[in-house]
Amino acid sequence: MSKALPKRSEDYSGWYNELVKKADLAENSAVRGCMVIKPYGYAIWEKMQQTLDKMFKETGHVNAYFPLFVPKSLFEAEEQNAEGFAKECALVTHYRLKADPDRKGKLIVDPDAKLEEELVVRPTSEAIIWSTYKNWIQSYRDLPLLINQWANVVRWEMRTRLFLRTAEFLWQEGHTAHSTAQEAIQETEKMLGVYAEFAENFLALPVIKGIKTANERFAGALDTYCIEALMQDGKALQAGTSHFLGQNFAKAFDVKFTNKEGALDYVWGTSWGVSTRLMGALIMAHSDDNGLVLPPKLAPHQVVIIPIVFGDDNSALFEKCDEIKKTLEKAGISVKLDARDTHKPGWKFAEYELKGVPVRLALGNRDLASNQIELARRDTLTKEMVPLEGLAERLLALMDEIQTNIYKKADDFKTKQTLKVDDYETFKKTLDENPGFILAHWDGTPETEEKIKNETKATIRCIPLDAPEENGFCMVTGKPSNKRVVFARAY
RNA sequence: CGGGGUGUAGCGUAGCCCGGUAUCGCGCCUGCUUUGGGAGCAGGAGGUCAUCAGUUCGAAUCUGGUCACCCCGACCA
């Protein structure tokens, strides 16, 4: 069987596409631009969901669910938001089909079933949610309102790629309402912090926290905060956003409350989200030419046990494998035992490597006698014989070690590929020859940003929150600047 | 939506220029031998050649239309 992937160094996007399919994460569907997320891929997404959901609840949020459809009149209420998404909206215009009188067995849209008002399939839910919040909020006592929803959204993208950009994708969107601007800003920053923590501790992905420039801001927000990650090909990927909406949506949907002083005011809002795009980030950040490399905290199976059968009587071997599985599970490790006799060990080794299982254990009859087992690490591709005794403790420690090692590898790469550049020629050359995050001075104008984007395809990923004050000059216009911003070509 | 390309078995392909009912590999099924890094041998199943029309005794092949997908732009999490 030929399951060899293209090499990252030769064809990065080919490598990515093949990896997603061959590792059984997702595939293209019969619907243009929409993917089928397969069980193994979905299991990883479920781990992400569970972890994030817990973090949201620990920070005081609750889940709810709002409709998939947004009446057009509600959708257009917040002008900037509507305009920003208008070009990529799917619409429901009819509610019935009927038999085609001219072609047997075919259906046509029933022209008599045209909706009075078109329904927009949500590209994001601010409109439907804020129209609902109007009824829920009257007093400062009703605030803050801290709600999250897990949902699918549709954005009719021109060009799509599995996980990175699909016409339909899964995400969570938090929508909160507050009585003061300050509290809403705190919420925005708090959730950005949650995302950064999740990315670093679970995805093993170091990120830069920052604020978007006006050009890159979410349509309808006053400020967009983001976390930006660096992929192995030197391109940036926006891994999460958190928006301070000010009173824009409150005004658009007339959401007012009476404050402690008895005065009527508009409420302050935030929204924040991460999507199945994180799957793309996870894949591109860590995987290698042999396949997926999963951090133990998100791997559906942390350990796979492969019995090496030989001869006729392997009952003792299978029993031992079962026993090991139970012991490890008792210690809180997720284990898959692959005792199928339809595939050879070598096939299984390659298969689980492709699927990124962090640790592989191989046990044969000759190991039974010596009370040892072969342990192979996916992240380092190293093998060693270890005693069966104390295996669970060893593996628990090893899970942490692997998680840390994967993070460190990504962090070292990010550090190495984050370069300070002071002149535009070097900037262009760096983008082509040694891509990564580029820290450069910028005069703060949308015009210069646009010019750079048009000439180099690089955008300002963010103005980092922790950027130190530093006097310099814009690399394009020579105008003064007081901090460096992060440039990169991005997904 | 502009420019380019491709549709042949579950997947990847040859054949097309120069018309005669389709090649090879992987996968799948059966049997035997195998099993510590993607097994070997033997046998087998699987195709309206994207689709519609035209030319022709005869079309995967030539002509025209349609559809889908891919790549490069513009758009975007």
Side-chain angles (χ1 to χ4, degrees), chain A residues 1-6 11 13-14 17-18 21-22 27-34 83-89 103 123-124 152-173 195 212 215-219 221 224-229 236-243 271-281 290-291 306-312 314 317 338-355 360-368 370 372-376 381 383 385 453-454 457 459 461 490-491:
Chain A
M1 159 155 56
S2 170
K3 276 215 171 180
L5 296 167
D11 179 9
S13 64
N17 289 334
E18 284 304 301
K21 290 178 203 158
K22 287 185 169 156
E27 64 188 31
N28 286 308
S29 71
V31 191
R32 194 203 73 98
C34 296
E83 223 183 278
F85 285 102
K87 294 190 300 283
E88 48 192 277
C89 286
R103 295 174 309 154
T124 181
N152 58 339
V153 288
V154 170
R155 297 181 187 175
W156 212 263
E157 299 289 350
M158 289 291 133
R159 287 184 64 195
T160 59
R161 289 188 74 190
L162 293 170
F163 289 121
L164 296 175
R165 178 168 301 110
T166 46
E168 178 194 19
F169 56 95
L170 305 184
W171 76 345
Q172 59 68 217
E173 45 183 330
Y195 288 156
K212 289 288 188 191
N215 280 353
E216 303 277 327
R217 195 178 287 149
F218 176 73
T224 287
Y225 292 64
C226 63
I227 52 172
E228 292 285 329
L237 188 129
Q238 180 175 301
T241 49
S242 183
H243 314 291
S271 68
W272 27 275
V274 296
S275 71
T276 35
R277 189 177 224 208
L278 287 179
M279 293 288 293
N290 294 323
I306 299 173
I308 310 294
V309 302
F310 205 94
D312 291 331
N314 293 289
L317 181 64
D338 189 347
R340 289 178 296 175
D341 60 0
T342 49
H343 295 280
K344 291 180 48 168
W347 189 92
K348 293 178 187 173
F349 291 174
E351 180 68 11
Y352 293 106
E353 234 156 57
L354 184 60
K355 291 195 163 183
R360 178 184 78 232
L361 299 173
L363 189 73
N365 275 312
R366 77 181 180 215
D367 306 317
L368 280 181
S370 58
Q372 287 189 311
I373 194 162
E374 184 188 84
L375 184 161
L381 292 168
K383 290 193 280 199
M385 295 303 297
K453 183 180 175 182
N454 290 338
K457 291 186 196 164
T459 49
R461 301 320 301 155
Y491 278 99

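Only this structure's heavy atoms are used, side chains among them; waters, hydrogens and symmetry mates stay out.
Atom NE2 of A:His343 is separated from atom C1' of B:rA39 by 13 Å (rounded to the nearest Å). A:Trp347 has its CH2 atom 13 Å from the C1' atom of B:rC28, to the nearest Å. The distance between atom CZ of A:Phe349 and atom P of B:rG36, rounded to the nearest whole Å, is 8 Å. Rounding to whole angstrom units, CZ of residue A:Arg340 and C1' of B:rU35 are separated by 14 Å. Rounded to whole Å, the distance from NZ on A:Lys87 to C1' on B:rC1 is 13 Å. Taking atom CG on A:Leu317 and atom P on B:rU35, their separation rounds to 14 Å, with Å as the unit. Per the geometry, CG belonging to A:Leu368 stands 17 Å off P belonging to B:rG36, to the nearest Å. Following rounding to the nearest Å, A:Glu83 (CD) and B:rC75 (P) show an atom-to-atom distance of 15 Å.
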Report, one pair per line, the protein and nucleotides 10-13 of chain B atoms (nitrogen or oxygen only) whose separation is under 3.5 Å.
none

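Rounded to the nearest Å, the gap between the P atom of B:rA74 and that of B:rG15 is 35 Å. When the P atom is used for both B:rC62 and B:rC49, the distance is 15 Å, rounded to whole Å. Between the P atoms of B:rA22 and B:rA50, the separation comes to 15 Å (whole Å). Distance noted for atom P between B:rG25 and B:rG40: 13 Å (whole Å). Look at the C1' atom in both B:rU8 and B:rA59: the space between them is 14 Å, to the nearest Å. Across B:rU23 and B:rU48, the matching P atoms stand 15 Å from one another, rounded to whole Å. Spacing of P atoms, B:rC57 relative to B:rG19, comes out at 15 Å, to the nearest Å. Comparing the C1' positions of B:rU55 and B:rU61 gives an interatomic distance of 13 Å, to the nearest angstrom.
As judged by a 4.0 angstrom heavy-atom cut-off over every strand, A:Phe169 is placed among the base-contacting residues. Across all strands shown, A:Leu164 has heavy atoms under 4.0 Å from base atoms, whether or not it also approaches the sugar-phosphate. Using a 4.0 Å heavy-atom cutoff across all strands shown, A:Asn365 reaches at least one base atom of the nucleic acid. Residue-level contact check: A:Thr166 touches the bases, meaning some heavy atom is under 4.0 Å from a base atom. Nucleic acid contact for A:Glu157: base, since at least one base atom lies under 4.0 Å from a heavy atom of the residue. No contact: A:Asp341 has no heavy atom under 4.0 Å from any strand.
Annotation: salt bridge (charged side-chain N to carboxylate O under 4.0 Å, His left out) contacts of A:Lys348 (sequence neighbours excluded): A:Asp338. A:Phe349 is linked by a ring-ring contact (aromatic ring centres under 6.0 Å, His included) to nothing, counting only residues two or more places apart in sequence or in another chain. For A:Trp171, the ring-ring contact (aromatic ring centres under 6.0 Å, His included) criterion is met by A:Phe169, not counting sequence neighbours. Residues satisfying the salt bridge (charged side-chain N to carboxylate O under 4.0 Å, His left out) criterion with A:Glu27, sequence neighbours excluded, are A:Lys38. In this structure A:Glu88 satisfies the salt bridge (charged side-chain N to carboxylate O under 4.0 Å, His left out) test with no other residue, sequence neighbours excluded. Annotation: salt bridge (charged side-chain N to carboxylate O under 4.0 Å, His left out) contacts of A:Glu168 (sequence neighbours excluded): none. In this structure, the side-chain contact (heavy atoms from CB on, under 4.5 Å) partners of A:Ala236, at least two apart in sequence or on a different chain, are A:Glu228, A:Phe437, A:Arg461, A:Ala488, A:Ala490.
For B:rU63, the base is anti relative to its sugar; the glycosidic angle deviates from 0 by more than 90°.
When every heavy atom of A:Phe163 is checked against every heavy atom of A:Thr276, the shortest pair comes out as CD2-O, 3.6 Å. For the pair A:Arg360 and A:Ile306, the tightest heavy-atom approach, listed with the atom from each and the gap, is CD-CD1, 3.7 Å.
For the strand RNA chain B, secondary-structure stems (runs of at least three Watson-Crick or G-U pairs, all distances below 3.5 Å) span B:1-7 with B:67-73, B:10-12 with B:24-26, B:28-33 with B:39-44, B:50-54 with B:62-66.
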Please step through side-chain contact (heavy atoms from CB on, under 4.5 Å) for the pair A:Met279 and A:Leu162, ending with a clear verdict.
CA-CA 9 Å; A:Met279 293 288 293; A:Leu162 293 170; over 6 Å; no
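In the interface, the side chain of A:Lys344 is not paired with the base of B:rG40 through any donor and acceptor atom under 3.5 Å apart.
Checking B:rG36, B:rG37, B:rA74 against the side-chain heavy atoms of A:Met158 singles out B:rA74 as nearest. Of all nucleotides listed (B:rG38, B:rU35, B:rG73), B:rU35 comes nearest to the side chain of A:Phe310. Set against B:rG36, B:rG73, B:rG37, the side chain of A:Arg360 has B:rG37 as its closest nucleotide. Taking only side-chain atoms of A:Glu374, from C-beta outward, the nucleotide of B:rU35, B:rG36, B:rA74 with the closest atom is B:rG36.
Residue whose closest nucleotide on RNA chain B sits further toward the 5' end, between A:Arg461 and A:Lys383: A:Lys383. Mapped onto RNA chain B by nearest heavy atom, A:Thr276 and A:Ile373 fall at different nucleotides, with A:Ile373 at the one closer to the 5' end.
Taking the six-membered ring for Trp and thresholds of 30 and 60 degrees, A:Tyr195 and A:Trp272 have ring planes more than 60 degrees apart, a perpendicular arrangement.
No donor-acceptor pair under 3.5 Å is formed between the side chain of A:Asn17 and the backbone N or O of A:Gly14.
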